[in-house]
Protein chains: 2
Amino acid sequence: MTTSFTEENYLKTIYHLNTDENGTVSTNAISESLHTKAASVTDMLKKLADKELINYAKYQGVTLTEIGKQKAITIIRKHRLWEVFLVDKLSFKWDEVHDLAEELEHINSEILINRLDEFLNFPEKDPHGDPIPDKNGILKSQELITVAKMNIGEHGKISGVREHSKDFLQYLEKTGLTLGCEIHIIDKITFDGAVVVGINQIEQTISREVAKNILISL
Amino acid sequence: MTTSFTEENYLKTIYHLNTDENGTVSTNAISESLHTKAASVTDMLKKLADKELINYAKYQGVTLTEIGKQKAITIIRKHRLWEVFLVDKLSFKWDEVHDLAEELEHINSEILINRLDEFLNFPEKDPHGDPIPDKNGILKSQELITVAKMNIGEHGKISGVREHSKDFLQYLEKTGLTLGCEIHIIDKITFDGAVVVGINQIEQTISREVAKNILISL
DNA sequence: TATAATTTTTAGGCTTGTCTAAAAATAGGG
DNA sequence: CCCTATTTTTAGACAAGCCTAAAAATTATA
Ligand SMILES: [Mn+2]
Ligand SMILES: [Mn+2]
Ligand SMILES: [Mn+2]
Ligand SMILES: [Mn+2]
C-alpha cells in the first residue's frame, strides 16, 4: 500500500513522539508538532488506523503498529542519509539541511536510497549525531545523556543534539560547541541551572535550556 | 508566488509540447501527455492563467508567458541535473532515471540545485543528450536531425533521443546505438522506411519508428 | 464525588485536483 | 453555407487534508 507525503509525516512524528516520551502519543502532541489542529489529526488517525499503520482507540492516544514503525524508520533513514549527502557532498552547514531533507525524505525509491547509502560510504550518523537506520531498518542507538544531567568534574564528548532548529545549531557553531568536541563540567549554578563548561581549553557558561539540548557520550 | 507540484508538471508539459510542435498547445495534447481528462486540464488552465503563467483564451489553446517559461526551464534544469547525478554518481543506467528525476525535479531550492550543478562539474547535457539550462535559464540547443532524415552515405554522431521510454532506451543499449557513437547510412528501404546503418564496424537495420527517434549531429 | 478544566471527537465547510456526463464552440466535408 | 464530427468547456461530484465551532469524553480539583 502506498502512503502519501502527509501520511508519512504523521508516521514520522508519531514515531519521534513515542520514543521521546515513551508510551502512547496524544492527539494534541501530534497537532502541536505538525502545526495542524487537533481535529485534523483525529481525521488522519482514523485513516492511518484503517490502513493498520497505527493502533488507535478513541480518546486513548496512538502507537505505531510494526508496519507503521518500519515505514517511519524508513523515512528517518532517508531523511538522515540525505542530510549526510547535503553536508558531505554539497557542503551545506549542519543548520541548513533539515528543511531540504524534510522534502527529500519523501522520494520513493528503495534502490535510490541504498545507492545513496553506498555512495556516502554507509555513514552511521547524520550531521546532528543521530544514528542512521540500516537497510533492514535496524537502528543502533547509543546511550547519551544531556549536559544538564552531568555532574561537576565529569568529562564527555558532544555526540548529539535534542533540538534541530537553525537558531540553536548556529548558536552551537558560534560558541564552538560542535559535534565531537570534548567537554567537562566546571560548575553548575543552582540558581538558574546554568552550567560552566570547559571546551577547547576555554571556559564557557551555557544556560539550562542549552544544557538540556546537548547530548553527551561519557 | 509558489507553484504546486501539479502546476509545475503542467508548465513543463506545455513547454515541451510548445517547442516540439511550435505554436499554441491544445487542451487535448496536454491531457494526453499527462494522462488526465480534458475537463481537468481546462480547470488547471484557468488557474495558471489567473497566475499569469500562461496565455489562455477559451478554445484557442495556450502558450507560456515569459514567467511561465522561466519556471518551466527551471524545472527542466532540475530534472536533467538530477538525472546526471543519478547516472554519474549513483551508477544508474540511462533508462532508469527518468521517473526518479520526475519526482526530484520538484524539490524546491535554488541553492541546492546550484550546488548540485557545481558538484557535477556544470554538465552541459543530461544522460539522454538533452541540453541543461544554466542557472540563468539559458539553454543552448544544438541543431540535431533524426536518422530518418539522413541520406544514404551521410555520417554523423548519435547525440540525443526523442523518446525517453525505458523500452526504447534499453533497445538502443542492447543494439549498441548509444550516445556518442559514430553512425553512417548504408541504405534506406523505401517499402517500410527501415534504415540500414553502420555502427562500430557492424551493419544493422533499424525500423522507421526507431530512426525517427534517434537524433544526430552531423 | 461533583464540578470545572482540558482534551478529543464530531459536524459542517473549504480548497485542490481529479472525474463523468452534457452542453457549447470550432473545424471539415459536401 | 449547413450539417456533422471533434474539441473544448461547463456542471456537478468526489477524495484528501485542512479549518472552525460545538459536543462529548476524560482528567483534575475542590
Ligand atoms: Mn517531511
Ligand atoms: Mn538530522
Ligand atoms: Mn514531475
Ligand atoms: Mn533526460
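All chains are named by letter (A, B, ...) in the order of the sequence lines, taking the proteins before the strands, and each is independently numbered beginning at 1. Just so it is clear, the values below take in all heavy atoms, side chains as well, and ignore hydrogens, waters and symmetry mates.
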Query raised in the report: In whole Å, what is the span from the CE atom of Met1(B) to the P atom of dT16(C)?
Result: 13 Å
Report task. For Thr36(A), answer base if it contacts any base atom (sugar-phosphate contacts may also be present), sugar-phosphate if it contacts only those atoms, and nothing otherwise; contact means non-hydrogen atoms under 4.0 Å. Result -> sugar-phosphate
Requested in this report: Tell me yes or no: between the side chains of Glu163(B) and Ser165(B), is some donor less than 3.5 Å from an acceptor?
Outcome: yes
Query raised in the report: Are the side chain of Asn18(B) and the backbone of Gly23(B) linked by a donor-acceptor contact shorter than 3.5 Å?
Result: yes
Requested in this report: Figure out the NZ/C1' separation between Lys37(B) and dA22(C), and round it to whole Å.
Outcome: 15 Å
Report task. Identify whether the distance between the nearest side-chain nitrogen and carboxylate oxygen of Glu7(B) and Lys71(B) falls below 4.0 Å. Result -> no
**Report entry** Footprint string (nucleotides 6-16 of chain D, 5' to 3'): B base within contact, S backbone only, - free, heavy atoms under 4.0 Å
**Finding:** -SBBB-----S
Report summary line: Rounded to whole Å, CD of Glu7(B) lies from P of dT18(C) at a distance of 10 Å
Report task. Using a 4.5 Å cut-off on heavy atoms from C-beta on, say whether the side chain of Ile14(A) contacts that of Ile30(A). Result -> yes
**Report entry** SB check Lys149(A) Glu154(A) (cutoff 4.0 Å)
**Finding:** no
Query raised in the report: Is a salt bridge present between Lys135(A) and Glu118(A), judged by a nitrogen-to-oxygen distance below 4.0 Å?
Result: no
Query raised in the report: Thinking salt bridges, do Asp99(B) and Lys166(B) make one under a 4.0 Å N-O criterion?
Result: no
Requested in this report: Flag this pair as yes if the NZ/CZ of Lys89(A) is under 6.0 angstrom from the six-membered ring centre of Phe119(A) and inside a 45 degree cone about the axis; otherwise no.
Outcome: yes
With 3.5 Å as the limit, what N/O pairs link the protein to nucleotides 3-5 of chain D?
none

